[in-house]
Trainee: 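Starting off with a structure, shown below.
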Amino acid sequence: MSVVALVPAAGRGVRLGLDRPKALVPVRGESLLLRAVRGLLGSGCVQHVVVAAPPDQVEVVAAELAALPHAHVVPGGAERTDSVRLALGAAGEVAPDAHVVLVHDAARCFTPASVIRDVVSAVEAGAPAVVPVLPVTDTIKEVDGSSTVVKTVDRAPLRAVQTPQGFNIDVLRQAYAAAGDIATDDAGLVERVGGKVHTVDGHPDALKITTAFDLAVAEAVLAAEESSAK
Ligand code: C5P
């Protein structure tokens, strides 16, 4: 029995105005993708990773991950949903004994190993689907169509979701078999087919690198860590 992680990285980074897929953007000389895949394999509980790459960049992405023996690269699809579906199909071939599947954002490449292990342990303990979460710290307002505040939302029961999201592999297969074209949240698909989604504690370091500011912060944090390690 093994654990396989899927990393959909077939987006083109258009929203960020990048000249390459966001996953290939380097932070201190190493791409988000390389850091994320190494983090998954280095957690000690993930045996295989399947990365969905832009179809015309499979070789570039494979070269990026060449140093990692258990990383496999497949062509992604038109939408994220298609990319996850294709990676899930490939997982059945590279890891036919997999009982747990993770879906992880390359942009969350600083996720601590403890979060990855907690997600896997919760699925192995019987949860069909597991997401790492953090309490919401900002004040949340609901607004109407003219951007006027309708009310202040009670944030006590709210949680922000990180990745990796973890699943019993049969549950994720069923959810994707029932899914339509577009889904941004894999656990949401499990909810839709009536599956229970459990939570474990996320971690602030598992932030999603989304903006140029996030990249600059990550560069600065790594630079400080490197100089203090000298
Ligand atoms: O573009 P967006 O931010 O919604 O993409 C979310 C994630 O899904 C990114 O990691 C992106 O690389 C991935 N994706 C994909 N295949 C697509 C579109 C997006 O794997 N066709």
Side-chain angles (χ1 to χ4, degrees), residues 4-27 30-41 46 48-65 68 71-94 101-111 115-116 119 129 131-133 160-167 169 172-173 175-177 179-192 202 205-215 217-218:
V4 62
L6 317 180
V7 180
R12 297 188 179 274
V14 178
R15 249 185 354 198
L16 280 177
L18 303 171
D19 62 347
R20 63 185 102 185
K22 183 168 88 174
L24 294 182
V25 169
V27 184
E30 287 191 337
S31 68
L32 302 180
L33 181 65
L34 176 58
R35 290 177 180 277
V37 175
R38 204 176 43 210
L40 286 162
L41 293 169
V46 175
H48 293 277
V49 178
V50 180
V51 175
D56 58 351
Q57 300 200 40
V58 169
E59 281 169 23
V60 175
V61 171
E64 179 70 14
L65 301 175
L68 303 176
H72 314 267
V73 183
V74 297
E79 302 289 343
R80 181 188 180 282
T81 320
D82 305 313
S83 297
V84 174
R85 199 175 263 128
L86 289 163
L88 188 57
E93 283 160 37
V94 302
V101 60
L102 305 181
V103 185
H104 190 43
D105 286 337
R108 295 188 192 272
C109 59
F110 301 112
T111 302
V115 172
I116 299 168
V119 170
V131 294
V133 297
V161 177
Q162 302 182 321
T163 72
Q165 299 191 355
F167 305 88
I169 198 162
L172 192 65
R173 283 188 178 126
Y176 265 84
D181 286 346
I182 306 217
T184 53
D185 175 41
D186 306 292
L189 294 181
V190 173
E191 288 163 50
R192 263 197 251 163
D205 290 4
L207 85 169
K208 187 172 184 179
I209 306 279
T210 307
T211 64
F213 180 79
D214 298 336
L215 271 175
V217 170

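Both backbone and side-chain heavy atoms feed into the values below; hydrogens, waters and symmetry mates do not. Whatever order the structure lists them in is the order used to number ligands and atoms, beginning at 1.
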Trainee: Between Thr111 and Pro164, is there a side-chain heavy-atom distance shorter than 4.5 Å?
Mentor: yes
Trainee: Start with the C-alpha distance between Val7 and Val50, add both sets of side-chain angles, then the distance that settles side-chain contact (heavy atoms from CB on, under 4.5 Å), and finish with yes or no.
Mentor: CA-CA 6 Å; Val7 180; Val50 180; over 6 Å; no
Trainee: Do Leu102 and Gln165 touch side chain to side chain, with heavy atoms closer than 4.5 Å?
Mentor: no
Trainee: Are any of the N/O atoms on Asp105, whether in the backbone or the side chain, positioned under 3.5 angstrom from an N/O atom of ligand 1?
Mentor: no
Trainee: Decide whether the shortest distance between a heavy atom of Ala9 and an atom of ligand 1 is less than 4.0 Å.
Mentor: yes
Trainee: Which of the atoms in ligand 1, numbered in the order shown and given with their element, are less than 4.0 Å from a heavy-atom of Ser83?
Mentor: 15 (C), 16 (N), 17 (C), 20 (O), 21 (N)
Trainee: Please work out which of His104, Arg80, Glu79 has its closest non-hydrogen atom nearest to atom 6 (C) of ligand 1.
Mentor: Arg80
Trainee: Output all residues satisfying side-chain hydrogen bond (donor to acceptor under 3.5 Å, both in side chains) with Thr163, sequence neighbours left out; order by chain, then residue number.
Mentor: His104
Trainee: Out of all atoms in ligand 1, which are within 4.0 Å of some heavy atom of Ala78? Include the element for each.
Mentor: 21 (N)
Trainee: Could you give the distance from CG (Leu65) to OG (Ser31), rounded to the nearest 0.5 Å?
Mentor: 7.0 Å
Trainee: For ligand 1 and Gly11, I'd like to know whether there is a polar contact (N/O to N/O, distance under 3.5 Å).
Mentor: yes
Trainee: Go through the structure and list residues passing side-chain hydrogen bond (donor to acceptor under 3.5 Å, both in side chains) with Arg35, not counting sequence neighbours.
Mentor: none
Trainee: Give the numbers and elements of all ligand 1 atoms closer than 4.0 Å to a heavy atom of Gly77.
Mentor: 17 (C), 21 (N)
